[in-house]
Amino acid sequence: MKPVEERAAVRRLYDRLGLGARRADIDHGVAQGFDATLQELLDPDPADPGAAATPVPKIDPLDPAGVDDPRRLDVKAERADQQQAMKIWWLDRMAAVTAPVPERLAWFWHGHFATSEDKVNRPNLMLAQNQTLRRLGLGDFRSLTRAMVADPAMILWLDGQTNRIQQPNENLGRELLELFTLGVGHYSETDVRESARALTGWNVDFTRGTASLRPAKHDATIKTVLGRPATYDADGLVDAVIATPASARFVATKLWTRLVSPLPPDPDELERLTVAYGQRTDITALLRALATSTTFQDPASSLVKSPVEWATGLARAIGARPAELDATNRKGLVGNLQALGQVPFRPPNVGGWPAGQAWLTPTATVHRLAVARTLLRQAPPKGAPAGGNARVEWARATLAVDHWSDRTRRALRGVADGSATDLLAAAAVSPEYVVSG
Amino acid sequence: MRTTIPILTRRRFLAATGATGAAALLAGATQVPWSDLLGAAGDLDPNAGVLVVVTLYGGNDGLGAVIPATDPAYQDAPPELAYQPYEVLDLGDGLGLNPALRGLKSHWDAGRLAVVRGVGYPQPDHSHFRSMAIWRTGSPTSPSGAGWLGRWLDSVPDDPLRAISLEPVLPPFLVGDRAVASTTDRGGLDLPGGALGNAVRGLGTTDPDDGPWRARVATSITHLQTLQHVAGGTVDHTHP
């Protein structure tokens with residue numbers, strides 16, 4: 001295997017660990033080299049002007065309004081406004097941050113610990129979970145998972161409120177093992193039941209946005225999880241489960257298939273990844289191991305960009321800001337992402353979003369084009385040179401694409417003499433930009 | 001090149017469902033006349049075979065839909081919820097449809113309805129997520145791969161008219177390892193006119209430099225044009 005050239009490897013770092021490459025990223029990354037770029041991405045300056053410019057919105061807890069309450073419709077409308085504001089805020093933040101890795105990992109973990117506003121119905125709790133994913137997303141998987149099983153939105157999403165010693169509800173315990181930490185085949189139905197018992201007794205305070213354990217509802221007796229008896233509580237359960245080699249392999253493979261290659265790592269590679277992850281369950285060390293694998297530099301390791309990754313990458317490349325859109329265009333942006341199948345805070349189920357060919361439907365190009373034109377209207381392109389061929393090359397550099405194929409160069413040449421907006425819109429829906437090659 | 005009859009009938013099917021049925025469904029209309037949906041396929045070659053899959057997410061109480069009203073076990077569990085044999089729409093063999101399903105009963109009487117009862121597999125999984133995955137893949141042992149119709153699409157030549165989802169987001173059972181079903185959308189299938197539209201259409205050919213994913217993107221753009229052509233009812237001059 002002949003590795004990709006360094007420019008493409010640097011572009012992959014920004015695509016896969018970040019939120020899409022910009023022209024300036026490539027110039028900067030190529031100048032300092034792959035290793036220094038990886039180091040900079042994984043150890044960013046905490047003072048991020050882009051993050052400072054997109055502060056977390058204030059989302060007040062909504063008053064509960066029962067079915068007969070005359071304020072019910074007002075509360076419903078306010079909830080919809082809050083949900084829309086949060087979507088735009090997160091998209092805007094992903095477009096604006098200087099250091100993209102923490103934001104990318106918050107997004108990845110949102111798809112992993114997939115929780116939807118659709119059932120949680122409490123925007124303030126969804127936002128609190130989002131902040132937790134961002135705060136802990138590059139640290140250790142143990143702290144992150146401990147936080148998620150005690151997270152108010154997660155507890156509501158997987159019915160933890162109804163999981164009590166007298167009448168355990170298995171949902172959270174089951175998904176913890178099946179989808180969050182181990183994967184099918186590495187636990188038994190007994191483990192599910194015993195895990196559910198360890199997670200009994202949690203209660204959510206909607207207004208304060210906190211979850212707490214009510215000892216009277218918690219089963220403090222001995223449970224046997226993965227063959228080991230103990231008086232597990234939530235933290236103890238998480239610690240026991242993620243300490244297993246199967247969990248390390250599961251977490252490493254999940255990140256690999258979303259950030260490196262859709263084909264799972266071979267056994268030697270997987271061993272290298274789990275050693276880096278180690279007893280500390282170190283997510284940053286795992287990311288470094290992913291990026292320094294030979295497969296990361298294999299030309300064949302391409303991934304289809306998910307709709308949100310594609311849209312935020314485009315916004316970053318052209319300097320567009322979703323928060324600057326008016327209400328109609330905000331609605332259009334979110335509506336087109338919905339038609340593409342991916343809206344922040346709204347995964348289709350607890351398994352998160354699909355990947356790969358699911359994004360490549362015939363209608364997807366129509367909606368991608370609509371998103372691109374919305375963003376380009378907000379941030380009209382500047383600096384396009386004169387001359388058709390030069391403009392096609394300018395579009396390539398603007399979107400940080402490695403090379404245009406003859407097909408794409410020919411197609412873009414036909415629109416290059418007109419508006420730069422149309423040229424970039426067509427370039428944004430090209431196979432070269434929809435796929436992270 | 002397709003033969004004349006399939007393209008004609010498929011076009012009419014798609015034009016009707018894409019423009020009226022699908023639009024109404026996606027717009028959130030509470031009722032779409034079945035006659036619109038079914039009539040749209042009315043002139044298909046009877047031998048062509050069209051499978052329409054309607055997925056109703058959420059629970060359906062099987063014993064409340066196709067009711068074993070004369071079965072003592074049913075009557076006992078619990079008696080106050082059980083329909084009496086005289087209440088149900090009799091299907092014979094001690095079974096009856098729920099009294100609300102009169103429309104389905106008329107299809108049954110005309111020999112146009114079949115009921116498959118007790119679908120399952122050994123040692124059912126208690127995970128809702130995994131059960132849904134099994135349902136979508138038809139594979140109890142390894143439900144992580146391609147959907148049950150996706151596997152069929154993987155095994156036949158590419159044709160964007162072979163399987164069509166009436167919603168823009170593909171349901172997983174229509175996603176294969178390689179191929180996916182087509183999608184329609186109430187927002188329309190139209191690309192912009194002029195140079196921009198032409199440029200996007202120009203992206204719809206595969207290039208020798210394309211890897212598999214890029215080739216799939218290009219193919220999806222070709223498929224969009226086929227769908228547009230067919231759903232738009234444009235006269236197809238290649239098939240007089």
- Would you please classify the geometry between the F180(A) ring and the F113(A) ring as parallel, tilted or perpendicular, with 30° and 60° separating the classes? tilted

- Query: Using non-hydrogen atoms and a limit below 4.5 Å, what part of residues 400-412 of chain A faces chain B?
  - Reply: S405(A), D406(A), R407(A), T408(A), A411(A)

- Heavy-atom contact with chain B under 4.5 Å, split by part of P348(A): neither

- Message: Just checking Q338(A): does its CD atom have more than 12 heavy atoms from other residues, nucleotides or ligands closer to it than 6.0 angstrom?
- Response: no

- Message: I need the residue from T219(B), D207(B), I221(B), V169(B) with the largest number of non-hydrogen atom pairs under 4.5 Å to chain A.
- Response: D207(B)

- Message: Taking 4.5 Å as the heavy-atom cut-off, does anything in residues 295-308 of chain A contact chain B, and if so which residues?
- Response: S302(A), L303(A), V304(A)

- Query: Between Q167(A) and N163(A), is there a donor-acceptor pair closer than 3.5 Å when you use the side chain of the first and the backbone of the second?
  - Reply: no

- Is it true that a side-chain atom of N336(A) and a backbone atom of G332(A) form a donor plus acceptor pair closer than 3.5 Å? yes

- Query: Does R162(B) pair with D158(B) as a salt bridge, N-O distance under 4.0 Å?
  - Reply: no

- Item | Enclosure of R7(A) CZ (heavy-atom neighbours >12, cutoff 6.0 Å) | no

- Message: Which atoms of V434(A) are under 4.5 Å from chain B, going by heavy atoms: the side chain, the backbone, both sets, or neither?
- Response: side chain

- Expected output: side-chain T374(A) to main-chain N329(A) donor-acceptor under 3.5 Å: no

- Message: Could you check whether any side-chain heavy atom of W359(A) comes within less than 4.5 Å of a side-chain heavy atom of L340(A), counting everything from C-beta outward?
- Response: no

- May I ask you to decide whether R174(A) forms a salt bridge with E178(A), counting only side-chain N to carboxylate O separations under 4.0 Å? no

- Note on the structure: Okay, Q357(A) and chain B: the region with an atom under 4.5 Å from a heavy atom over there is both

- To the nearest 0.5 Å, what is the distance between CD (E175(A)) and OG1 (T115(A))? 11.0 Å

- Straight-line distance of R136(B) CZ to T55(B) OG1, nearest 0.5 Å: 9.5 Å

- Contacts of D422(A) that satisfy side-chain contact (heavy atoms from CB on, under 4.5 Å) - sequence neighbours left out: V415(A), S419(A), L196(B)

- Message: Less than 4.5 Å to any heavy atom of chain A: does that hold for the side chain of R130(B), its backbone, both, or neither?
- Response: both

- Task: Would you name the heavy atoms of L179(A) and F250(A) that are closest together and state the gap between them?
- Result: O-CZ, 3.4 Å

- Query: Does any heavy atom of chain B fall under 4.5 Å from the side chain of L360(A), the backbone, both, or neither of them?
  - Reply: both

- Query: Where on V184(A) is there a heavy atom nearer than 4.5 Å to chain B: the side chain, the backbone, both, or neither?
  - Reply: side chain

- Message: With chain A as the partner, which of L224(B), L203(B), D125(B), L191(B) has the greatest number of non-hydrogen pairs under 4.5 Å?
- Response: L203(B)

- Message: At a heavy-atom distance under 4.5 Å, which candidate from V200(B), V175(B), T183(B) has the highest pair count against chain A?
- Response: T183(B)

- Message: So for S165(B), is it side chain, backbone, both, or neither that comes closer than 4.5 Å to the heavy atoms of chain A?
- Response: neither

- Message: For the interface with chain A, which of D209(B), N198(B), L170(B), D210(B) has the highest count of heavy-atom pairs at distances below 4.5 Å?
- Response: D210(B)

- Message: Measuring only between side-chain heavy atoms, which start at C-beta, is N349(A) closer than 4.5 Å to M132(B)?
- Response: no

- Between G418(A), G351(A), G185(A), which has the largest tally of heavy atom pairs under 4.5 Å with chain B? G351(A)

- Message: Within a 6.0 Å radius of atom NZ on K119(A), are there more than 12 heavy atoms belonging to other residues, nucleotides or ligands?
- Response: yes

- Note on the structure: residues 126-146 of chain B vs ring pair (Phe, Tyr, Trp, His ring centres under 6.0 Å), sequence neighbours excluded, gives none

- Item | Heavy-atom contact with chain A under 4.5 Å, split by part of A181(B) | backbone

- Message: Can you tell me which portion of Q342(A) sits under 4.5 Å from chain B's heavy atoms? Options are side chain, backbone, both or neither.
- Response: neither

